[in-house]
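Below, each value reflects all heavy atoms present in this structure, side chains not excepted, and no hydrogens, waters or symmetry copies. First listed ligand is number 1; within each ligand, the first listed atom is number 1.
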Amino acid sequence: MEPMNRRKLLISAASIGGVGALAWYASRTATMKSMPGMDMAGGDMPGMNMGNASEKGGRVRELPTGSALPEIPRLKNDSGIAGNFIAQLEAATASHSFVPGLVTPVLAYNGSVPGAMIEVYEGDQLSIAFKNSIPGQASTIHWHGLDIPADQDGNPTHPVESGTGRTYAFTIPAGSAGSYWYHPHPHGLTAEQVYRGLAAPFIVRSKNDPLDAKLGDTVLFVSSISLNSDGTIAENTAADRFNGREGDHVLVNGAKQPVLSVQPGASRRYRIYNATNGRYLRIALDGHKMTLVGTDGGLLAAPIRNLEEILLAPAERAEVVIDFQNKTGRFALNSMPYERGWMGRDKPAATILPLMTFEVAGASVSSIAVPEKLRDIAPLGEPASVKRIVLNETMGMANGAMTMEFLIDQKSFDMNRVDLRSKVGEVELWEISNTTDMDHPLHIHGTQFQVVEREINGSKKPQSFLAWKDTVNIVSKEIVRLKVRHSLPGLRMYHCHILEHEDNGMMGQLDVV
Ligand code: C2O
Ligand code: CU
Ligand code: CU
């Protein structure tokens, strides 16, 4: 196994003074990650199996590109009362056309892929009647990132059986304005239901947004799709199950490489979601820098300017402001190569992948400043207790094939086991150590946390800015320390948000009492 090299950090340090602050976005080069001397041939064993040579025959290789960026439809609020949001969501099979002439059976919320965006204000009361019409599969709706009661949060322990329904009711906490999302969370079926189409943005707004409304506010919801040549969605391959499904085609708001027009000189606000099961997005815009204004749980305390790239692991979100220059032309928003560790065959080539194009054209407009201060974020104080969590992988051989499991603290997820206990309102320090050969984005339900430090090879880098996060990427061999506090009691999940890893068992249960 070759050593991992930390590559030079790729963000301009100018505005935040010091390299330590940048560690969060650090990228790296690493080689390794196929196991020399191990036969990765097929077999049929429990756990995950490396499988046979490429299973990717008979796929749709081209999708139409270049359409205007689709706007994600809003979920209609059936309530006439201010502060109330009442709606219905049905998960069901639907038909979608990704390629002219081919019909793709998908799973969709209310018939649309991605699902309709929920847009509410802090303090709003929601009541969402969910109907599961997915044939033969239980489902749930999980409100990713929101601090809401555990019994309303779509845990796998509260399945909604096929053909039945339930209502999710909760109130949006004050101060939680941010970019959340919703997706299914049934035991063992999350990855499949998401890659078949069930996921959507959930925006919480503040009545006092410090950013100028003239910046606009555009969601860029990144997902992916793999299609068989008959139009059906491809099943996961062994490579998908091991590494997380990256998808053959990356979509923004459901379209491949769409185009968004902006005026020269304009400043625009975007919320970028990584809603893929397992693809890392190292986002960079040709010829432009970005200002990071927010993370998973909303705005930063202060903007971080002049970023050349932003890494979004699966499930992470970033709010950015882009100042387009006074120069017309077409600029690609790309995902740059990122070495996140790859197990087995079918490692994708390290290429620059265009996600979408900004077309800068028309009359010039003047830019809009992002204020120096966005909001107050109080640091979570001294921790009352410490939790240490270790991400593990095990490899085995069975019938001449390699098998693999992804675990937390050497355990595979068990719905009937409580792994950790916490006290309501108590600040804890979590130390999460990734002993595996790949990166894993760790997600904790029902709260937002603050990353405080990253350590790799004994060298520690404090996180020098405050941000609310619900998912944090943990690089192979890295230790991440974060502070977290749960405000509500109940059973919460923590897991790798590479959804294939979650389904494979890389998940635990935290009982907050
Ligand atoms: Cu977005 Cu437990 O998930
Ligand atoms: Cu979640
Ligand atoms: Cu993982």
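Within His183, the N, O or S atom lying nearest to atom 1 (Cu) of ligand 1 carries the name NE2.
At least one N, O or S atom of His185 sits under 2.8 Å from atom 2 (Cu) of ligand 1. Within the 2.8 Å limit, His142 places at least one N, O or S atom next to the Cu ion (ligand 2). Backbone or side-chain N, O or S atoms of His144 reach atom 1 (Cu) of ligand 1 at under 2.8 Å. Because the distance cut-off is set at 2.8 Å, His497 fails to qualify as a neighbour of the Cu ion (ligand 2), as none of its N, O or S atoms comes that close. Residue His443: no N/O/S atom is found under 2.8 Å from atom 2 (Cu) of ligand 1.
In this structure, Arg245 is positioned above the aromatic face of Tyr195, its NZ or CZ under 6.0 Å from the six-membered ring centre and within 45° of the axis. Geometric assessment of Arg271 against the ring of Tyr273 yields a negative cation-pi assignment under the 6.0 Å and 45° thresholds.
Glu316 and Lys469 are joined by a salt bridge, as a carboxylate oxygen and a charged side-chain nitrogen come within less than 4.0 angstrom of each other. Under the 4.0 Å criterion applied to side-chain N and carboxylate O atoms, Asp437 and Lys477 are assigned as salt-bridge partners. For Arg196 and Glu235, the salt-bridge test passes: some basic side-chain N is under 4.0 Å from an acidic carboxylate O.
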